[in-house]
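FYI, the numbering just counts along the sequence from 1.
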Amino acid sequence: MICELCPRRCGALRTADRGEGFCHMPAGPVVARAALHYWEEPVISGSRGSGAVFFSGCALRCSFCQNGDISAGGFGKPVTVGHLRDIFGELAAQGAHNINLVTPTHFTPWILEALGDGVGVPVVWNCGGYERVETLRALEGRVDVYLPDLKYADSALSAGLSGAPDYFETATTAIEEMFRQTGPYVIKNGLLHRGVLIRHLVLPGHMENTRRCIDWIARTFRPGEVLFSLMSQYTPQPGVEGLLGRRVTRGEYRTAVEYMRNCGITEGFCQERTSAKEEYTPPFDLTGV
């Protein structure tokens with residue numbers, strides 16, 4: 001296939017046996033892990049866990065990515081559409097509250113085929129926010145919950161840290177499309193059944209970027225429309241120096257929380273600073289694949 005699934009629109013010729021393009025992935029899904037996951041927001045993980053399927057490759061190159069082994073390193077196992085559907089069924093049978101598709105964009109056609117007419121539980125599209133509206137439209141009626149990041153409002157920062165100077169305008173347009181599809185969020189029995197939950201990771205030393213992301217959410221959505229998760233789990237990756245060579249301080253995160261509340265955003269989640277631990281990154285060892 002000639003691939004234009006993500007905003008890179010690199011036009012790579014992806015074949016079944018060779019990875020091409022920015023994501024370096026072949027034509028067909030590559031999975032690094034499929035298992036119950038308990039470290040998402042409570043409305044996603046619930047009591048029994050989220051059925052997380054971690055796909056290899058990514059349309060971003062975040063220098064601080066905790067999943068770098070699979071997002072940039074490409075670790076994973078190619079699976080057929082039929083096998084992927086079996087994986088979804090196995091996770092649902094294990095009691096998963098939902099099927100949580102992690103970094104799925106570059107495998108959209110095959111995922112849609114594997115989902116078929118449904119998998120019996122809500123489907124979560126867990127992504128970096130860097131999405132093409134045209135690709136998202138193919139998901140309408142097939143995805144129940146969108147779980148996008150809003151990483152940056154600063155184009156210089158997004159260019160330097162993720163190789164995407166167009167991140168903010170691309171991600172905000174994508175999030176508006178996600179909301180158009182789902183409408184205001186719906187929670188039943190403590191679990192998110194439909195809607196958009198926007199995540200923002202506070203980066204050390206970059207509080208103005210966080211403020212600008214919060215500003216956009218506050219002026220774009222009314223109370224009761226979307227959920228927001230303000231994350232403190234930034235973990236320095238090996239070899240990183242400067243501001244990103246440390247974790248977020250208690251003062252930085254407290255400032256971000258206060259700003260969020262002052263902007264009128266009260267529906268969502270804050271994170272304990274103890275979440276900034278390497279063990280919150282699951283082992284990518286082909287479990288469940």
Exercise. What's the verdict on salt bridge (charged side-chain N to carboxylate O under 4.0 Å, His left out) for Arg211 and Glu208, showing C-alpha distance, side-chain angles and the deciding distance?
Worked result: CA-CA 5 Å; Arg211 291 190 187 98; Glu208 181 59 24; 3.5 Å; yes
About how many Å separate [atom2] of [Y] and [atom1] of [X], when rounded to the nearest 0.5 Å?
| X | Y | atom1 | atom2 | value |
| --- | --- | --- | --- | --- |
| Ile187 | Leu227 | CD1 | CG | 5.0 Å |
| Thr235 | Arg246 | OG1 | CZ | 13.5 Å |
| Leu150 | Thr172 | CG | OG1 | 7.5 Å |
| Ile99 | Leu84 | CD1 | CG | 9.5 Å |
| Tyr146 | Ile175 | OH | CD1 | 12.0 Å |
| His206 | Leu243 | NE2 | CG | 5.0 Å |

Heavy-atom distance under 4.5 Å between the side chains of [X] and [Y], does that happen here?
| X | Y | result |
| --- | --- | --- |
| Met178 | Cys127 | yes |
| Asn126 | Arg199 | yes |
| Val145 | Ile44 | yes |
| Thr173 | Glu131 | no |
| Pro204 | Glu252 | yes |
| Val202 | Tyr234 | no |
| Asn98 | Asn100 | yes |
| Cys6 | Thr135 | no |

Check whether the side chains of [X] and [Y] place a donor and an acceptor atom closer than 3.5 Å, and report yes or no.
| X | Y | result |
| --- | --- | --- |
| Tyr130 | Asp166 | yes |
| Glu90 | Gln94 | no |
| Thr220 | Glu176 | no |
| Tyr152 | Ser162 | yes |
| Glu40 | Ser50 | no |

Which atom names give the shortest non-hydrogen contact between [X] and [Y], and what distance separates them?
| X | Y | value |
| --- | --- | --- |
| Pro184 | Gly224 | CB-O, 3.5 Å |
| Ile214 | Ala256 | CD1-O, 4.0 Å |
| Val124 | Leu147 | CG1-CB, 3.9 Å |
| Ala35 | Thr287 | CB-CG2, 4.1 Å |
| Leu203 | Leu244 | CB-CD2, 4.3 Å |
| Ala16 | Pro26 | O-CB, 3.9 Å |

Exercise. Considering the options His200, Glu41, Gln271, which one meets the side-chain hydrogen bond (donor to acceptor under 3.5 Å, both in side chains) requirement together with Ser229?
Worked result: Glu41
Exercise. Hey, what's the ring geometry for Phe54 with His37, parallel, tilted or perpendicular (30° and 60° as the breaks)?
Worked result: perpendicular
For this session: Name the orientation class of the two ring planes belonging to Phe168 and Trp216 (parallel below 30°, tilted from 30 to 60°, perpendicular beyond 60°).
Result: perpendicular
Distance-only, no hydrogens or angles: does the [X] side chain make a donor-acceptor pair with backbone N or O of [Y] under 3.5 Å?
| X | Y | result |
| --- | --- | --- |
| Arg33 | Phe284 | no |
| His97 | Ser47 | yes |
| Ser56 | Phe75 | yes |
| Arg85 | Ala114 | yes |
| Asp144 | Val123 | yes |

Exercise. Is the count of non-hydrogen atoms from other residues, nucleotides or ligands lying under 6.0 Å from Arg261 atom CZ greater than 12?
Worked result: no
Exercise. Any chance CZ of Arg219 has more than 12 other-residue heavy atoms, nucleotides or ligands included, within less than 6.0 Å?
Worked result: yes
For this session: With salt bridge (charged side-chain N to carboxylate O under 4.0 Å, His left out) as the test, would you mind laying out the steps for Arg137 and Glu134 before giving the verdict?
Result: CA-CA 5 Å; Arg137 286 177 182 155; Glu134 292 80 1; 5.1 Å; no
For this session: Apply side chain to side chain contact (heavy atoms under 4.5 Å, CB included) to Arg8 and Leu60, showing your working.
Result: CA-CA 9 Å; Arg8 305 281 179 186; Leu60 293 170; 4.1 Å; yes
Exercise. Can you check side chain to side chain contact (heavy atoms under 4.5 Å, CB included) on Met260 and Cys270, steps first, answer last?
Worked result: CA-CA 10 Å; Met260 174 189 72; Cys270 297; 3.6 Å; yes
Problem set entry | Under the ring pair (Phe, Tyr, Trp, His ring centres under 6.0 Å) test, residues paired with Tyr185 that sit two or more places apart | none
Problem set entry | Pairing residues for Phe88 by the ring pair (Phe, Tyr, Trp, His ring centres under 6.0 Å) criterion, not counting sequence neighbours | none
Problem set entry | side chain to side chain contact (heavy atoms under 4.5 Å, CB included) against Asp154, all qualifying residues, sequence neighbours excluded | Ala156, Leu157, Asn209, Arg212
Problem set entry | Cation-pi, Phe22 ring and Arg61 (6.0 angstrom, 45 degrees) | yes
Exercise. Which is it for Lys151 and Ser158 under the side chain to side chain contact (heavy atoms under 4.5 Å, CB included) test, yes or no, and what are the steps along the way?
Worked result: CA-CA 8 Å; Lys151 298 176 186 287; Ser158 64; over 6 Å; no
